[in-house]
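Within every chain, numbering begins at 1; the chains are lettered A, B, ... in the order of the sequence lines, protein sequences first and strands thereafter. If you're wondering where the values come from, they're calculated on a predicted model, not measured in any experiment.
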Amino acid sequence: MSIDAPFLNRRQLLQRTAAGFGSAALAALIGSPARALSTAAFPHVPAPLFKPRAKRVIFLFMNGGPSHVDTFDPKPALAKFAGQQPSGELFKKSKGSGFMPSPLTFAKYGQSGIDVSSTLPHIARVIDDCCIVRSMHTDVPNHEPALLQMHTGNVQPIRPSLGSWLVYGLGSENENLPGYVVLRPSNQIVVGPALWSNSFLPAQYQATSVNTSDMHVEKLLANIKNPALTRPQQRQQLDLLGQLNESHLKQRDGDPQLEAQIQTMETAFRMQAEAMNTFDIGREPQSVRDLYGDSPFARSCLLARRLVEDGVRFVTVYYTATGTQPWDTHTNHDATHPKLCRDSDQATAALIADLKARGMLEDTLVVWGGEFGRTPYAENKESAKAGRDHHHTAFSMLLAGGGIKAGQAYGASDDFGMVATEKPVHVHDLHATLLHLVGLDHEKLTYRYAGRDFRLTDVFGNVVKDICVS
Amino acid sequence: MRSRLGTFAVALLLALFVNLRAIAAAPPDFDHDVKPILEQYCFKCHGPEKQKAGLRLDQKPSALKGGESGEPAIVPGNALKSHLLQLVTTNDPEQAMPPKGDRLKPQEVALLQRWVETGAHWVDQSQPAVEIVAVNPDAPISDRDRQFWSFVAPRRVAPPVTRNVAWSRTVIDRFVLAGLEARQLEPSGDAPKAVVVRRLSYDLTGLPPAPDEVEAFLGDEAADAYERLVDRLLASPAFGERLASLWLPLARYGEDQAHQVGSDTKLFYPNAWRYREWVVNAFNRDLPYDKFLLFQIAADKLPEATPDDQAALGFIGLGPKYYNRGRIEVMADEWEDRVDTVMRTTQGLTVACARCHDHKFDPISSRDYYALAGVFASTRMVNKTADGKVQKADAKAEQVDPATLHIVEDAEPHDLNLFIRGNVNRKGPLVPRHFLSVLSSGEPAPFKEGSGRKELALAIADRNNPLTARVIANRIWGQFFGQPIVLTPSNFGHSGQPPANPELLDHLALSLMDNGWSIKSLVREIVLSSTYRQSPAGNAKNARVDPANEMLWRMNRRRLTVEQWRDAVLFASGRLETGGGKSVDLDDAANVRRTLYARISRLKLNDLLMQFDYPDPNVHSEKRSVTNTPIQKLFVLNSPFMIAQSKALAARLAADAPQSEEARIRYAYQVLFAHGPNEAEMKLGIEFLQEPEDSPMTRWQQYAQILLASNEALYVD
C-alpha cells in the first residue's frame, strides 16, 4: 500500500513524516520489507551497503558485570603476585588486599584452543562457534553510565538504544510481532527503561518489554487476549468495526491514513494468535527445554530463540532473576560468581547450539556480556569473603553467529587483566561492528533531531573487521 | 617561609604520622592532587549542587571567602588560619568534617596543608587556563548572518489583494488565499456545521462537544453563532488544559528522573504538578505571552510576579538531574539541558549544538553557548517551601510538603570558561554571560544582575526579538492545522525548514504582539478564519499541485493526541472527572481525570502514553510523531480500561436513551461523533445487537466498544 505518494518526492514525504503528519506512510511501512522502510520513508537510512551477515540479534546481558579474569581471560600472574597492590593509574584507589587470583582452572577447548574457565563447561563445548573479545573497555566504572553506554552509546539517559536503532535501520521481519523485545525476569533493573528507550526515534521503534517471571502467555504480554470474548466473538466484533470503518473511509475519499488504521487493526487481531503461539515456550518439547535448563534466564533464552525464529529483529535477555544486578559481586565473589556462571553457561551454550542445529546461527548474532568487567584485585581486606569491584579498562565479551569470525580470542589485556592493551575495542567499536554485521553503516545510520544528525556511535567507533567474516 | 614550613612538617609528623618526604616534594598540583581530595570528601555538600552552611569549595573565590562562619576556608600560605584545615583535622565530633563517612587520610591532610602553605595555587574556572584555542576570534556576526529570514524582524505588509474576494473572512485568509492563487490552487468551502463544532471543540478544549451543545449550535441561525461558540469555548477552563498539552512537552515536563539509584527519591519532583497548574491557569487567564516567558525564566527576580507565579520557575526547576551531580562534566550536561530547553522552546534555535564547536549552520558560536550556559551555572535548582525557605536537598519525595515548589534561584554568579570541544578538562577563555550575538545589536552586553536570568528573560520576551513571537505563533498554528508553517518548529535556523508562507507567519507574529501578546486573541483570529473552517474533502486538481497541502487548500484530517483520545473515551462513557491537582498514574483504574493530569515519569513513561506517541519527557520535544502500531490496537481491543469504558458507555446509553434500540444507537453517534448514523450504519448496529447474548460482555457493551474503537472516534475532520 502506498499513500498519495506518487505526488510526493522523498524529501516531502520525510518532511511530512517529521511533522507528525505522515502516519499513513509510517503505518504502511511497518512490517514491510527492510528495504522499503529504509529507502522510501527515511532517506537518512542508507540501504545496506554490504551483504548483511546477521538478520537478527540476541543480546544476553549479564547485569552487574561478570569478571573477565574468572571467565574468558585467564591471568596466571594474579596468583604469582597475589596480595600485591596494583600500580599505575586507578579509577579508585585499591583499598583491599591486592591482586586476587581466580580460584578456577582454565583449559583450552575445541579446535581453536580458546581458554575457558572451569565454570563454563557448556560454553567450552561450543567455543569454536564463538569469538571472545578480551580487550573491551568502556568510559566509566559505575553501573548507570556504563549500562547506558553499552545500550545507547552515551553515558546520559537521553539517546535511543541499540535495538531501536537496529529496528529503525532494518524494519521488522514479521508485522504480526513487535520488532524489538526486551525479556527481563523482574522489573527491577538498574537504570531501567532508559536502557531500551527509543528516545527521539518514533514510537514504532520502541521495545516491547516483557516481564518473564510468569511465563504464561497472557501474563507476558499486556492486552494480548480479550478477557471476555472468544476469538470468533471478537472476529464478529471486528467485522462490524471493519464495515463501519469502510463506510467512514468511503465518505472520506479513501484517505490513506484511515485505511492504514484499518489494516493495523487486522494486524493486531492476527498478532494475538501469532504472539500467543510464539511467546509460548510450553510448545517446546521437553528435550529442548532440558537443553536450556530450568531457570528464569534459561527460559528467557529459549523464548528469545522462539522470537527470533518468528521474525523478531532484536531481543535482549537480562540476567536479573536473583537481584537487580546479580553479577555485581562486591563481596563473596569466589562463591557467588561460579553459581551465576553455571546458570548462564548452560542456557547460553544451549541457545548457540540450538540456533546452529536449526541453521539459524549463521544469520543470528548472539552477544554475551555485561556493562564492564571486575577488578583483578580484591575490593576488601577480609580475604575469605573478598569481592571484586567494577572494572572498565579491560573486560571480555562473547560473540557468536551472524557473521562473526568464530574460533578466535581477539585482543588482549595486560598480564593482570588491568588494561586492554592489544587491539582495544571500545563500546563504540562494538556498536559499529554489530551494526556492520546486520548491514548498516554506523556513520550513515542517522536521525535528524534537534538540528543535527544523531548516530548510535556519535562521532566515534570503528568496525572491528578482524572479528567479522569478510 | 621555609622555616615555617619546617615547623609545620614537624608538627604534622608528630600529629599525623606523615611521611616527611611527601612534604618536602614539589608544590601539589591543584587539578591532579588537590581537587580529587576535595571532590571525594567535600563537594557533595559544598559544591555546585549544595552549599551547606553557605560554603562552596569548587570555586576559588567562594572557597577563599568561606561560608556562614565568616572564617575564610582557605588562606593561601597559612594552613593554620584556613578553616578547612582546622575542620578536617579536629577531633571535636561536633566540628569534624566530613561529618559522615571516612575522615581524610593523613597523607591527604598533609597534601592539602602543603598546597595551602605553598600558596593554594588554583587553576579554576575564574582563572583562564593556559590553553587558548583557535575559536573563531570572537566570531563576528556579519551583516549577511543577520539577514537570514528568521533573524530579521517580522515584516508588516498590507494584506494582499486576491482575485477571489468572496472566500476570505479575515486578514489571515487573504494571506492564505494569496499563497493559493499564486499556485493556481482553489480554497475549499466551509465544512458542515456539525463537523466544525466537533473540530473546534477538540481544538479549543481537547474534548468533543456534548450532544446538546451540538444541537444548540446547529439550531442557532444568528450571524454571530459561530463567534459566540468560539468565545464560549475560549472561556472554558478546558482551554488552558488544551494549550498546556502543547506547552508541557516543550518544557520536557516530568516528575522524576530518568534513572534512580536504588529506591532513592530525593531528586524526584512530587509537586511538579504545581508548575502544570500554573501553565493551565496562565493560558486560562490569558497571561500575555511575554509575561508567560518572563515568569518561567525569572519570576523570582520580577516585582510583578506574585507568590503564586513562582511556580512558573518549574520550567527550569523541573529539568533533569543526572547521575553523579558532584562532577563538573555532569553539571555541564545539565546546563546543556537548560540552554537547549529554553532556546529551542522560545527561540527555535538549536544553540546546544554549539557546546562542542561553533554551530555548523547558524551564526551561533561556542562563546554564545557558554555565555548562556554560564547563566544556568549561576542558577541552582531548589525545593522552596511556602514560606520561601530552601528545603534540604536530601529530602525524600514522600517528605516534601505539598506546597513546596521545585524551582530555581541564583547561586553565586560566575562566568564559565569555554570548554574546548565540550571537554570540561580543556578550558578555553572565560566567556562573560550574555545573550546570543546574532540577536544583539552590536556586541552583546554582558549580564550584570546576579545569574543573568532576568536579563536573559528580558532579551527573549522583547518585542524586538525577531524569533519569540514567530516561534509561538507557528506552534499555535500547528495545533489547529496539524502542520505548522515552519515544519521544524524548534529549528528556525539554516538547517530547519523555511516557512511555507512567510507573510502569513509574520502577520500572526505581529498580530500576537499588537494584541498585547494575547494568546487567546491569536487563537480567536485563527479559528474565525475561513481557512480554519474549510472542509477536509479532497480536490484532485489541487492535490496534483500541492499533495502535502502545504498551502492549506483544505483542512487536514487529524488523528487525536493521546490526551484528546483518552479524554474523549471517558467523556463518552460519562466517567470523565474535571479538575487537576496532584498527579495520578494512568494505570490506576480509578483515574478518570483528564489525561493531562497523569503522572509523567522520566524513569518509566506510562505504557499508554508511550505507545500513543506522548513524547519522551527527558528532553524538549518539538513535535509528536504520529505512529500507527498494532500495540495501540491491542490496547483498544483488550485493555481493562477500554472494557470498563465500553461497559460504562453501554450503561450510559441505556440510561439516557431508553426509548428504543434505534434511539440508543442515534444517541451513541451523537455523543461520539456529533451526528446521527446513516441508514446503513443504523441497520448494521441493529443487526449486531439482535444476535443472542453469548459472552460476559453484553451485545451492547461489545457494540459500545466497536464505536469507541472506530476510526471516526480517533480522527477529527
Side-chain angles (χ1 to χ4, degrees), chain A residues 4 7-8 12 15-16 18-21 23 26-27 30 142 144-145 156-158 178 191-194 197 199-200 202-204 206 208 222-230 233-234 237 240-241 243-245 247-249 252-253 255 257-258 260-262 264-265 267-268 271-272 450-452, chain B residues 258-259 322-323 333 340 344 350 352-353 482-484 487 491 493 495-497 537-538 543-544 547-548 556-557 559 603-604 607 610-611 613 616 618-619 623-631 633-635 637-639 643 680-681 684 688 694-697 702 705-706 709-712 714-715:
Chain A
D4 37 357
F7 302 121
L8 286 180
Q12 287 169 320
Q15 285 164 5
R16 286 166 46 124
F21 188 65
S23 59
L26 297 183
I30 289 172
N142 288 328
E144 283 82 0
Q156 296 294 358
I158 49 165
V191 176
S197 168
S199 184
F200 46 71
Q204 70 263 45
Q206 65 193 216
T208 299
N223 307 323
I224 197 63
K225 195 163 181 279
N226 190 289
L229 302 174
T230 63
Q233 286 164 350
Q234 194 175 52
Q237 208 189 14
L240 175 57
L241 175 62
Q243 285 173 297
L244 296 178
N245 278 341
S247 144
H248 175 257
L249 174 70
R252 285 159 183 80
D253 312 319
D255 186 335
Q257 51 177 336
L258 300 174
Q261 295 283 351
I262 294 172
T264 307
M265 186 61 87
T267 304
M271 184 185 273
Q272 296 177 93
R452 72 181 177 95
Chain B
H259 70 260
Y322 299 131
Y323 179 73
D333 283 345
D340 183 57
R344 278 208 287 156
T350 55
C353 289
Q483 67 188 15
L487 284 174
N491 186 357
S495 61
Q497 295 291 318
R544 270 193 297 278
N556 288 313
R557 180 167 294 114
R559 193 192 76 175
L603 181 64
K604 186 184 183 314
D607 284 337
M610 189 172 84
Q611 288 160 5
D613 299 315
D616 181 354
N618 281 293
V619 280
K623 65 204 160 198
R624 297 188 192 205
S625 44
V626 180
T627 66
N628 169 11
T629 69
I631 302 290
K633 300 302 186 194
L634 290 176
F635 181 89
L637 290 176
N638 301 331
S639 68
I643 291 178
E681 289 162 343
L684 285 169
F688 184 86
D694 56 357
S695 114
M697 272 183 95
Q702 294 182 42
Q705 187 180 18
I706 291 168
S710 69
N711 277 349
E712 188 156 10
L714 184 59
Y715 280 83

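Contacts between B:L603 and chain A at a heavy-atom distance below 4.5 Å involve backbone atoms as well as side-chain atoms. Both the backbone and the side chain of B:N618 have a heavy atom closer than 4.5 Å to some heavy atom of chain A. Both the backbone and the side chain of B:D694 have a heavy atom closer than 4.5 Å to some heavy atom of chain A. Contacts between A:Q206 and chain B at a heavy-atom distance below 4.5 Å involve the side chain alone, from C-beta outward. Within the 4.5 angstrom heavy-atom criterion, only side-chain atoms of A:M271, from C-beta onward, approach chain B.
Formation of a donor-acceptor pair under 3.5 Å by the A:Q257 side chain with backbone atoms of B:R557 is found in this model. In this structure a side-chain-to-backbone donor-acceptor pair under 3.5 Å is missing from A:N223 to B:L637.
Between the side chains of A:Q234 and B:N638, a donor-acceptor pair is found at a separation under 3.5 Å.
In this structure, CD on B:Q702 lies 10.0 Å from CG on A:L240, to the nearest 0.5 angstrom. Atom OG1 in A:T264 sits 11.5 Å away from atom CD1 in B:I631 (nearest 0.5 Å). Here the CD atom belonging to A:Q156 is positioned 6.0 Å from the OH atom belonging to B:Y322, to the nearest 0.5 angstrom.
Side-chain contact between B:K633 and A:T267 is absent, with no heavy-atom pair separated by less than 4.5 Å. Side-chain contact between B:R559 and A:Q261 is present, with at least one heavy-atom pair separated by less than 4.5 Å. The shortest distance between side-chain heavy atoms of B:S710 and A:H248 does not fall below 4.5 Å. Between A:I262 and B:N711, some side-chain heavy-atom pair lies under the 4.5 Å cut-off. A 4.5 Å side-chain heavy-atom check between B:Y715 and A:L258 finds at least one atom pair inside the cut-off.
Here the shortest heavy-atom pairing between A:A228 and B:S695 reads O-OG, 3.7 Å. Minimum interatomic distance between B:P630 and A:A268 (heavy atoms only, all atoms of both residues): O-CB, 3.6 Å.
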